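See below for the structure under consideration.
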There are 2 protein chains.
Amino acid sequence: MADLRGGDLSRLRQLNSLTAIRALRGAGPLTLSALAERTGLSRPSMKEVADELMELGWVEEVPPSPGTMGRPARRYRFRADSGCLVGVDIGGHNVRAALSDLDGEILAETRQPVLPDAPLEERLAAIDRAVSGCLALSGRSAADLWTVAAGTTGVLTPEGRIAFSAAIPAWTGLDLAAKLREMFPCQVLIENDSRLAALAEARRGAAQGARDVVFLHVGRRMGTGLIIDGKVHRGFGAAAGEIVMLPEARWYDAPEHLNGCEVVPEGTAPEDAAGYTLAAARDGHPVALAAVDRYVDDLAVGTAAMVLVLDPQMVVLGGGFSRSADVLLAPLRERLERACMRMPEVRASTLGDECVVMGAIDYAADHLDRELFTSDAPLTPLR
Amino acid sequence: MADLRGGDLSRLRQLNSLTAIRALRGAGPLTLSALAERTGLSRPSMKEVADELMELGWVEEVPPSPGTMGRPARRYRFRADSGCLVGVDIGGHNVRAALSDLDGEILAETRQPVLPDAPLEERLAAIDRAVSGCLALSGRSAADLWTVAAGTTGVLTPEGRIAFSAAIPAWTGLDLAAKLREMFPCQVLIENDSRLAALAEARRGAAQGARDVVFLHVGRRMGTGLIIDGKVHRGFGAAAGEIVMLPEARWYDAPEHLNGCEVVPEGTAPEDAAGYTLAAARDGHPVALAAVDRYVDDLAVGTAAMVLVLDPQMVVLGGGFSRSADVLLAPLRERLERACMRMPEVRASTLGDECVVMGAIDYAADHLDRELFTSDAPLTPLR
DNA sequence: CTACTAATGAAGCGCTCCTTCGTAAGTAGA
DNA sequence: TCTACTTACGAAGGAGCGCTTCATTAGTAG
């Protein structure tokens, strides 16, 4: 029983304007006739709508394409550049940011290294530098910012506070949403990084087109992100996907099989240890293979639990260890095959390190879409 | 990027007609002025819409309510009685059916006993008798049927075939949807019984108002139903919620703790065994209490897995054993409290045996709503 | 230079909703 | 029983939006 509001004539115009914007966002520049055909409106009506959208600044004319038969047609395009979205990935060692236009087309990316145990201010400063860098690279100013979406490790509250973060000690307890709202004069969204990665994979990556996706962040810490019915599933308390907390799922200590393997050279930094084991396994080293086997044994238990609960179309493997997906995928598939009712597709991430920022951009773009296409407010003029 | 179709004037009228229907379905009979206020339309426009809906048969006039100041106002109501929905629960020992009007208001219920190992034809005949009984009780004919929604035990395929049913041997492999379409000349929907029970609890029962619900069917066989974002979650292959298949979740053999307890008298029918244990536990019998403890220990593992994955607002306990929820709830809560990131509310089902048929009715009503309110087809006249 | 193609722009029409205002049908009180 | 008051009804006039039609315009092809 959603909205009980009946429509005015102006409501109809609004609907048609939004339909036109949608059509223009979906395809490149379109002529008036093409636009009319797609929206089902007559040409004269379409013209009127287009004029109004031009006046409001949502749409602009581009030069007609030459070399066609007949009189050259006007072409219109959505002014995706009239604002920008920023996605931020706040990790332990790096703060990444990406800037996109309103269509989610990425225009600039930056990275700022930061130490895991850096004090709070330092990390916030890194965020500021990362975002400023993107703005500078793309020749924008903070006034062009419509939305900043940030993903970070740790368990969040629904309001955007950080309930707990193992990877970033200074993070726990912080009201990140409030801090970012102080820094940026625009809409601010906070989400868990694995969830954003999941979204990116579902939109642009390995799981493109799938409505129900389980994303596994395999790395020194396990994490997951769920896409259900095409949307990020965060749960009532924003704590969905935390199956790593269940001992029986055997995820918590699983990475230790790789980190503690005897093929890892003495004195290796903890974040590099698993890489040696995975590399050795790829070369057929029996001890490393056994370690990978034990790792996948454990990994498969929690994964099977998620698959059995949700029956997703696809499982995507991301995170640090997924660079060695060639070593992990086959044994993981084999175990899941035995454990699952219906075997989902299992794929490796195709987006790599930029996964989270892209997901953040997609998250921001989704939010914008919802605001645009489901609100009852009339279209406002764009500066 | 849903629909790119722009609107005509008639589209506006259609929108307003649907809004009016929606308003009338939500509240009882409404006067023209009340209707106009709720939909935001002006009175004259509302009148025109109402006239049209009357002509098409969707709405009818009821006598004005007496005793009011001023000139008595016309009142209109949605003709919920111009069709009916039937929900069917096909279980091992019983086939239940309920008949409702188009608003989901239940008008008749029937039950047909049937043996678990009865041949296929016998069970289908029981379904026919159960539905016919409902029609007779409410004075309807098969021609009034708009939708039949059936819930049954077992694993389904997305198309409504029965992939596997442990409780009803003759069921496995049956194309239930096709069979029911032969029997009833209307829309036929098939769903897993636990999912329908979950829907009923979310709409009318213990979890009313919650958008994300985990329903546990606790009984001789474990089953689950998930409501995510207010809708039944069936998964890509309609196999969601089958965590009982995961040995580590410790669900599969859990009921044995109750069935095999030594307080159960020799020679008790297997379906009654657990009842003795639960009753003895309620009386404080130490052996029974220990059995219940072991049962809940196991139950909590799989439940914690689902809660950690989904972070639902609520967990509802239904199924045969939930009649003894007083014995089970406290220890279950205690274990979940320790295992879960965010503790959900845990409640007992309030709908009892009629849970599945009610869920089936709600499922059918949802389907009808979607057809009505999201289709672009104009309103058709009702007979 | 002419024929052809395809988009443009203006005119006229019909539908849907809105506002306004006089009228009708009740109740409450003298 | 009559009058005043309240509330709904119904008709009239007006504005906005989209549709169809048709003459006009700006290109390409030969």
Side-chain angles (χ1 to χ4, degrees), chain A residues 3-21 23-24 29-56 59 61-77 376 378-379, chain B residues 3-21 23-24 29-56 59 61-77 376 378-379:
Chain A
D3 79 289
L4 282 176
R5 304 248 295 282
D8 198 347
L9 281 297
S10 62
R11 170 79 182 152
L12 187 57
R13 166 58 64 93
Q14 183 199 347
L15 245 42
N16 285 334
S17 298
L18 290 176
T19 309
I21 290 182
L24 282 174
L30 289 175
T31 69
L32 211 50
S33 309
L35 208 43
E37 192 183 356
R38 281 174 204 235
T39 58
L41 265 63
S42 69
R43 252 188 44 90
S45 306
M46 194 62 247
K47 178 66 163 63
E48 208 159 325
V49 170
D51 285 349
E52 194 181 295
L53 286 176
M54 292 246 293
E55 199 159 329
L56 291 173
V59 148
E61 237 183 292
V62 296
S65 60
T68 60
M69 278 291 252
R71 178 173 177 169
R74 299 186 160 186
R75 291 190 309 161
Y76 299 87
R77 71 177 200 90
D376 287 337
L379 277 172
Chain B
D3 78 291
L4 283 175
R5 305 246 295 280
D8 198 347
L9 279 299
S10 63
R11 170 79 183 152
L12 188 57
R13 167 58 64 93
Q14 183 200 349
L15 243 43
N16 285 334
S17 299
L18 290 175
T19 309
I21 290 182
L24 283 174
L30 289 176
T31 69
L32 210 50
S33 309
L35 208 43
E37 193 183 355
R38 280 174 204 236
T39 58
L41 266 61
S42 70
R43 252 187 46 87
S45 305
M46 194 63 247
K47 177 67 164 63
E48 207 159 324
V49 170
D51 285 348
E52 193 181 296
L53 287 176
M54 292 245 292
E55 199 160 327
L56 291 173
V59 147
E61 236 182 293
V62 296
S65 61
T68 61
M69 279 291 253
R71 177 173 177 169
R74 300 188 159 184
R75 291 193 307 160
Y76 300 87
R77 71 176 201 89
D376 287 336
L379 278 172

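Letters A, B, ... mirror the listed sequences (proteins, then strands); counts begin at 1. Since this is a predicted model, take the numbers as computed values, not measurements.
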Would you confirm whether [X], through its side chain, and [Y], through its main-chain N or O, come within 3.5 Å as a donor-acceptor pair?
| X | Y | answer |
| --- | --- | --- |
| A:Arg77 | A:Leu24 | no |
| B:Arg43 | B:Leu32 | no |
| B:Ser45 | B:Leu41 | no |

Atom-pair distance ([atom1] on [X]; [atom2] on [N]), nearest Å:
| X | N | atom1 | atom2 | value |
| --- | --- | --- | --- | --- |
| B:Leu35 | D:dC9 | CG | C1' | 15 Å |
| A:Leu15 | D:dG16 | CG | C1' | 16 Å |
| A:Leu32 | C:dG9 | CG | P | 9 Å |
| B:Asp51 | D:dA8 | CG | P | 17 Å |
| B:Glu61 | D:dA8 | CD | P | 15 Å |
| A:Arg75 | C:dT8 | CZ | P | 12 Å |

Shortest non-hydrogen contact from [X] toward [Y]:
| X | Y | answer |
| --- | --- | --- |
| A:Leu30 | A:Ala34 | CD2-CB, 4.2 Å |
| B:Val59 | B:Tyr76 | CG1-CD2, 3.8 Å |
| B:Leu53 | B:Ser17 | CD1-O, 3.9 Å |
| B:Ala20 | B:Thr39 | CA-CG2, 4.2 Å |

Under 4.0 Å between a side-chain N/O of A:Arg74 and OP1 or OP2 of C:dG9, yes or no?
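Affirmative; the distance criterion is met.
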What string of B, S and - do you get for nucleotides 15-20 of chain C, 5' to 3', when a contact is any protein heavy atom under 4.0 Å?
-BSBB-
Protein heavy-atom contacts under 4.0 Å, written 5' to 3' over nucleotides 25-30 of chain C as B (base), S (sugar-phosphate only) or - (none), form the string BBSS--
In this structure, are over 12 heavy atoms from other groups packed under 6.0 Å from A:Glu61 atom CD?
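For A:Glu61, atom CD is crowded (more than 12 foreign heavy atoms under 6.0 Å).
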